[in-house]
Amino acid sequence: MTESPFEYAPAPESRDIANLKPHYRPFIGGQFVEGSGEPLKTINPATEEVLAEIETASVSDVDKAVQAARKAYDKVWGRMPGSERAKYLFRIARLIQERSRELAVLETLDNGKPIKESRDSDVPTAAAHFFYHAGWADKLDYAGLGPDPRPLGVAGQIIPWNFPLLMLAWKIAPALATGNTVVLKPAETTPLTALVFAEICQQAELPPGVVNIVPGAGDIGAELVNHPGIDKIAFTGSTDVGKLIQRSVAGTPKRLTLELGGKAANVVFDDAPLDQAVEGIVNGIFFNQGHVCCAGSRLLVQESIADELLEKLRYRVSTLRLGDPLDKNTDIGAINSVEQLTKIRELVEAGDAEGAQRWTSSCPLPERGFFFAPTVFSDVQQSMRIAREEIFGPVLSVLTFRTPDEAVTKANNTPYGLSAGIWTEKGSRILWMANQLRAGVVWANTFNRFDPAAPFGGYQESGFGREGGRAGLEAYLNA
């Protein structure tokens with residue numbers, strides 16, 4: 001294989017489209033209010049420049065937000081017919097579409113992910129969740145969730161930094177469709193699209209207090225979890241924080257769903273279409289710089305094809321373009337924060353020290369920003385840290401197997417259980433393997449396919465509860 005003689009000319013998206021403001025404020029009771037917490041600065045991870053100053057919420061602000069959500073629930077939203085709630089969700093979905101380019105650029109600036117991912121994946125799927133759940137709002141009595149499903153009340157929601165707008169949609173859309181009101185805390189490093197979503201709530205003339213956005217650090221998330229006025233907590237983030245939340249909620253009447261970490265196995269059998277599998281492997285681990293809880297970070301390859309597949313994989317990875325996330329040609333953007341970059345480097349060094357064979361793409365790294373070149377480890381053993389711990393970066397660990405039973409054993413040798421992939425031409429093997437794998441989502445001959453109608457969630461240390469689909473509605477209903 002020879003390298004292509006062609007180079008892609010830069011195709012930058014204009015950052016002006018983001019309509020970036022110098023200051024952003026919490027959104028409580030239908031209004032942007034002064035935050036009484038310590039202000040924070042949100043940083044562009046690709047350039048290390050300060051994007052904006054965020055006024056954060058304090059403990060008293062969280063209390064005001066919960067009170068506003070309770071008032072809206074009691075007086076307006078909880079008693080509103082589903083057909084009327086649906087109109088607001090449809091309106092929000094259309095506004096996300098109308099402002100899609102603005103939201104995509106803002107997400108890329110704040111998060112570091114390539115613009116083509118924000119534009120083609122995150123924002124359209126966020127809108128799709130509101131469209132989908134709007135359709136459910138007046139059909140809950142027919143969803144098979146009991147004779148009289150009722151909303152829980154006020155939902156406290158905490159979202160991560162890897163898919164800020166999309167995770168917001170995953171949380172808010174089903175909560176509103178089922179008649180609940182919301183207090184949401186965005187991630188400390190990526191609050192901007194959540195605060196612009198608050199503007200969209202105003203545009204949609206959503207009743208005051210139905211959605212409240214309280215930016216801040218972990219202490220604000222903890223305050224939300226522990227607030228006595230919250231009826232349900234929905235959290236997406238790390239397993240360690242999820243365990244703390246579960247301890248806090250234990251013994252209270254609060255409902256809880258957790259979507260936590262993962263260490264997914266992507267299993268390739270010797271009859272798989274290798275070129276197609278390579279594309280799925282690349283998408284599975286390098287999409288969003290590997291900042292994906294369901295990323296296919298462990299590649300299990302049948303021994304007889306391992307050398308051929310690795311050769312194809314390394315070549316394909318060498319063609320990925322790393323650089324300016326606003327360039328429409330960029331495949332690999334910036335790591336979200338210097339803290340996350342430090343963690344990735346630590347685990348990669350552990351892989352070296354434990355004897356795995358590292359191959360790293362020779363792509364040049366920009367002088368500024370938090371970047372890490374796509375990396376593939378081979379000769380990985382199950383006991384190594386890179387095979388057991390969630391790296392949450394563009395790093396793939398490759399293990400081999402000889403028989404389907406061995407593949408199942410190795411795939412299930414993890415404390416996590418969020419997702420898995422199977423690559424084979426045999427439908428019977430796909431069904432057999434899917435039944436054996438302890439994972440909430442199993443993809444066959446594809447990876448990272450999401451649909452609002454399909455439930456998503458995990459087992460073991462990947463959490464519990466489902467988001468999306470009819471099953472995701474149940475988490476917000478007394479059914």
Problem - Pairs flagged by ring pair (Phe, Tyr, Trp, His ring centres under 6.0 Å) wherever residues 192-212 is involved - sequence neighbours left out - result: Phe130-Phe197
Exercise for the section: Look at the aromatic rings of His291 and Trp161 and report parallel, tilted or perpendicular, splitting at 30° and 60°. Expected result: perpendicular
Exercise for the section: Any salt bridge (charged side-chain N to carboxylate O under 4.0 Å, His left out) involving residues 24-48? Give me the pairs, sequence neighbours left out, ordered by first then second residue. Expected result: Lys41-Glu53
Practice task
With sequence neighbours left out, write down each residue that passes side-chain hydrogen bond (donor to acceptor under 3.5 Å, both in side chains) with Glu390, or none if nothing qualifies.
Solution key: none
Problem - Counterpart residues, ring-ring contact (aromatic ring centres under 6.0 Å, His included), relative to Phe32 (two or more places apart) - result: Phe27
Exercise for the section: Working to the nearest 0.5 Å, report the span between CD1 of Ile200 and CD1 of Ile92. Expected result: 8.0 Å
Exercise for the section: Please name all residues satisfying ring-ring contact (aromatic ring centres under 6.0 Å, His included) with Tyr476, sequence neighbours left out, ordered by chain then number. Expected result: none
Practice task
Look at atom NZ of Lys139 and say whether more than 12 heavy atoms of other residues, nucleotides or ligands are closer to it than 6.0 Å.
Solution key: yes
Exercise for the section: Any pair with a residue in residues 168-192 that passes salt bridge (charged side-chain N to carboxylate O under 4.0 Å, His left out), sequence neighbours left out, goes on the list, sorted by first then second residue, please. Expected result: Lys171-Glu467
Completion exercise
Arg388 meets the salt bridge (charged side-chain N to carboxylate O under 4.0 Å, His left out) criterion, sequence neighbours left out, with none
Handout entry: Partner set under ring-ring contact (aromatic ring centres under 6.0 Å, His included) for Phe450, not counting sequence neighbours
Key = Trp443, Phe456
Handout entry: Under 3.5 Å side-chain donor-acceptor pair for Asn283 and Glu279
Key = no
Handout entry: Neighbour count above 12 (heavy atom, 6.0 Å) for Arg101 CZ
Key = no
Practice task
Step through the shown structure and confirm whether more than 12 heavy atoms of other residues, nucleotides or ligands are within 6.0 Å of NZ on Lys343.
Solution key: yes
Exercise for the section: Return each pair, listed once, that meets salt bridge (charged side-chain N to carboxylate O under 4.0 Å, His left out) where at least one residue sits in residues 222-246; pairs must be two or more places apart or across chains. Expected result: Arg70-Asp231, Lys243-Glu461
Completion exercise
Hits for ring-ring contact (aromatic ring centres under 6.0 Å, His included) against Phe370, two or more places apart or cross-chain, chain-then-number order -> none
Practice task
Applying side chain to side chain contact (heavy atoms under 4.5 Å, CB included), run through Arg298 and Ile386 and close with a yes or a no.
Solution key: CA-CA 9 Å; Arg298 288 184 300 146; Ile386 55 172; over 6 Å; no
Exercise for the section: Decide whether Arg345 and Thr342 meet the rule of one side-chain donor and one side-chain acceptor closer than 3.5 Å. Expected result: no
Handout entry: Asn266 vs Phe447, side chain to side chain contact (heavy atoms under 4.5 Å, CB included): CA-CA, chis, key distance, verdict
Key = CA-CA 9 Å; Asn266 211 355; Phe447 209 90; 3.6 Å; yes
Exercise for the section: Could you name each residue pair satisfying ring pair (Phe, Tyr, Trp, His ring centres under 6.0 Å) that touches residues 224-254, not counting sequence neighbours? Expected result: none
Exercise for the section: Tell me yes or no: between the side chains of Asp63 and Ser60, is some donor less than 3.5 Å from an acceptor? Expected result: no
Practice task
Would you please name every residue forming a side-chain hydrogen bond (donor to acceptor under 3.5 Å, both in side chains) with Lys116, sequence neighbours left out?
Solution key: Asp331
